[in-house]
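Input: a single structure, listed below in structure tokens.
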Amino acid sequence: MTVPDRTQVGIIGGGPAGLLLSHLLARDGIDSVVLESRDRAYVEARQRAGVIEVGTAELLRDVGLGTRMDRDGLVHGGIYVQFAGERHHLDFVDLTDGGTVTVWAQTEIVKDLVAARLADGGGLKFEAEAVAVEDLTTDRPVVRYRDAAGTEHELRCDVIAGCDGFHGVCRPAIPSLAVVDHAYPYAWLGILADVAPSTDELIYAHHTRGFALHSLRSPEVSRLYLQVAPDENLDDWPDDRIWSELATRLGVAGWTLHTGPIRDRGITPMRSFVGAPMRHGRLFLAGDAAHIVPPTGAKGLNLAMADAAVLADALRALLVDRDGRLAESYSDRCLRRVWRATHFSWWMTSMLHRPMQADAFDEALQLSQLRYVTSSRAAATSLAENYVGFTMRTA
Ligand code: APR
Ligand code: PHB
């Protein structure tokens, strides 16, 4: 597409946050242009998260993006939590009065959003890399970007949405940014395999050899993860070693892990990161551009989409009703949800992963905590409420 040199909202980044924001704005008659540095095939194939909260699923449905999710997504009413060779089921439906999650991959959400933007004639430009954002404290901020041929352009906007992920250019443009950054001494080795899942719901396994997770993408495709060291070399993990380690860590008596061809693999570092405020003048951050959570608990995608929904409301008030109050409170309202998810992801991570130098005290505390969440209704309800999406419905 040819990008105009003027739009109401210049959105940097065509991940779930940027694409959903553009879609929501279009429904309110607000014009936007999404600039995405990668090409369409890359963005649609990138393997990322796969579990969405009740509120996120409702949001997709409400904005006309629920058809494929309702047909092909898998609704799960709980998870398994495993430790000391015991597998326990947490029944979210019972614990949270009907709460569920939907296994529906980020890649599928992104495909639907890209198709919707293009079908609407919405402004979406691939291979367009933002290099700078300027004039942020005026009401005509500008994005400078480079196209695939290397030519530089300018996009004048009323507002810029920085949805450009953790390594983008927007967060560093906030002069008063304060950062909280926490590194974890482990990473996840994740695989996508062409084999039917060996479980009906996700299994989160604590094991003396390290954490393992059995997730899934469809009745034919499994997604599995192993805790590894942050500097782990993927070349040291041939298929046989991956499957045998997964079988050991996920194993319980009478259960078999089915194996199959591995289609995709990668190592993801783990960190908690929150940058605040999420706004400077006419620049607003959303999603990974502002915050990162470790994947334990599957909150990253849900947070990114929640930010987009909150931002769309604030921008409608600002640009259509000329009311800046929601824009003023945008950062604080998002950060409340972000910190709840940050705590929950940290807590799940700490309970389930083996510390590098685990001592008997750490291990006994983890096992005590795991026994508590699988035997106390109050403790199980707290986990379940956070997992299915607690702040989504109240923020
Ligand atoms: N110019 C244009 N696009 C950029 C630039 C730039 N300078 N820098 C980054 N991008 C693009 C990236 O290529 C990416 O497609 O911004 C997009 C950001 O998308 P995501 O990283 O998917 O972030 P977000 O939309 O916030 O979604 C968060 O992604 O990382 C997962 O677990 C996370 O599920 C969560 C979700
Ligand atoms: C995934 O399916 O990719 C997934 C599921 C649950 C998590 C993290 C990742 O906690």
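Whatever order the structure lists them in is the order used to number ligands and atoms, beginning at 1.
Annotation for R87: atom CZ counts as buried by contact number, over 12 foreign heavy atoms lying within 6.0 Å. Within 6.0 Å of the CZ atom in R46, the count of heavy atoms belonging to other residues, nucleotides or ligands exceeds 12. Heavy atoms from other residues, nucleotides or ligands lying under 6.0 Å from CD of Q357 number 12 at most. Few gaps surround CG on D239; more than 12 heavy atoms of other groups in view lie less than 6.0 Å from it.
Only the side chain of R217 comes within 4.0 Å of ligand 2, judged by heavy-atom distances. Proximity of H167 to ligand 1, defined as any heavy-atom pair under 4.0 Å, is not found for any part of the residue. Residue contacts with ligand 2, taken as heavy atom pairs separated by less than 4.0 Å, do not involve V103 at all. If you look at L303 next to ligand 1, there are no close heavy atoms at all, none under 4.0 Å. Within the 4.0 Å heavy-atom criterion, the part of L35 lying near ligand 1 is the backbone and not the side chain. Residue-level proximity to ligand 2 for A298 is carried by backbone and side chain together, each with a heavy atom below 4.0 angstrom.
The two atoms that bring A173 and H280 nearest to each other are O-CD2, 3.9 Å, heavy atoms only. Residues V274 and T342 come closest through the heavy atom pair CG2-OG1, 4.0 Å. Across A317 and L326, no two heavy atoms sit closer than the pair CB-CD1, 4.1 Å.
Between the OG atom of S331 and the CD1 atom of I174 there is a distance of 8.0 Å, given to the nearest 0.5 Å.
For ligand 1, the polar-atom distance check finds an N/O of A130 within less than 3.5 Å of one of the ligand's N/O atoms. Backbone and side-chain nitrogen or oxygen atoms of G300 are examined, and none is located within less than 3.5 angstrom of a nitrogen or oxygen of ligand 1. Between R46 and ligand 1, at least one pair of N/O atoms sits closer than 3.5 Å. Checked by distance only, ligand 1 and A17 come closer than 3.5 Å through their nitrogen or oxygen atoms. Geometrically, ligand 1 and V43 share no nitrogen or oxygen pair separated by less than 3.5 Å.
Nearest protein heavy-atom neighbour of atom 8 (C) of ligand 2: P295 O, 3.2 Å. Nearest protein heavy-atom neighbour of atom 10 (N) of ligand 1: S37 OG, 3.6 Å. For atom 2 (O) of ligand 2, the nearest protein heavy atom (residue, atom name, distance) is S215 OG, 2.6 Å. Among protein heavy atoms, atom 9 (C) of ligand 1 sits closest to D164 O, 3.1 Å. In this structure, the protein non-hydrogen atom closest to atom 33 (C) of ligand 1 is D288 OD2, 3.3 Å. Counting only heavy atoms of the protein, atom 19 (O) of ligand 1 lies nearest to G15 CA, 3.4 Å. Nearest protein neighbour of atom 22 (O) of ligand 1, counting heavy atoms only, is R48 NH1, 2.8 Å.
Counting heavy atoms only, L202 comes closest to atom 5 (C) of ligand 2 of the residues I79, V101, L202. Counting heavy atoms only, E36 comes closest to atom 15 (O) of ligand 1 of the residues H291, E36, Q106. The option with the heavy atom closest to atom 4 (C) of ligand 2, from among W104, Y204, Y225, is Y225.
Against a heavy-atom cut-off of under 4.0 Å, A304 is close to the following atoms of ligand 1: 26 (O), 27 (O), 28 (C). The ligand atoms of ligand 1 that sit less than 4.0 angstrom from a heavy atom of G287 are 26 (O). Close approach to E129 involves these atoms of ligand 1, each under 4.0 Å from a residue heavy atom: 1 (N), 7 (N). Atoms of ligand 1 found under 4.0 Å from any heavy atom of G13 (numbered from 1 in listed order, with element): 3 (N), 11 (C), 16 (O), 17 (C). Which parts of ligand 1 touch L301 is read off a 4.0 Å heavy-atom cut-off, strictly below it: atoms 34 (O), 35 (C). With ligand atoms numbered from 1 in the order given, ligand 2 contributes 10 (O) to contacts under 4.0 Å with heavy atoms of G297. Of all atoms in ligand 1, numbered sequentially from 1 with element shown, those under 4.0 Å from a heavy atom of R38 are 13 (O). Close contacts of ligand 1 with C163, meaning ligand atoms under 4.0 Å from a residue heavy atom, involve 16 (O), 17 (C), 18 (C).
Ring-plane geometry between Y145 and H153 is classed as parallel, the angle between the planes falling under 30 degrees on a 0 to 90 degree scale with a further cut at 60. Between F284 and Y330, the ring planes are perpendicular. Angles over 60° get that label, and only those under 30° would be called parallel.
Seen from the ring of W237, R265 does not count as a face-on cation partner, given the 6.0 Å and 45° thresholds.
Contact annotation: W188 has at least one heavy atom less than 4.0 Å from an atom of ligand 2. In this structure, P295 falls outside the shell of residues with a heavy atom less than 4.0 angstrom from ligand 1. Not a single heavy atom of M305 sits under 4.0 Å from any atom of ligand 1.
Annotation: H88 is in aromatic contact with F83 [ring centroid separation under 6.0 Å]. In this structure, Y184 has its ring center at least 6.0 angstrom away from the ring center of W346. Taking the six-membered ring for Trp, Y80 and Y204 have ring centres at least 6.0 Å apart.
By the rule that hydrophobic residues join a cluster once side-chain heavy atoms approach within less than 4.5 Å of another member, L65 and V75 end up as members of separate clusters. Connection of V179 to L303 is established within a shared hydrophobic cluster, with ILVMFWY side chains joined at heavy-atom distances below 4.5 Å, either directly or through further cluster members.
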Steps toward side-chain contact (heavy atoms from CB on, under 4.5 Å) verdict (T208, E363)
CA-CA 9 Å; T208 49; E363 195 159 336; 3.4 Å; yes
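A donor-acceptor contact closer than 3.5 angstrom links the side chains of S32 and S22.
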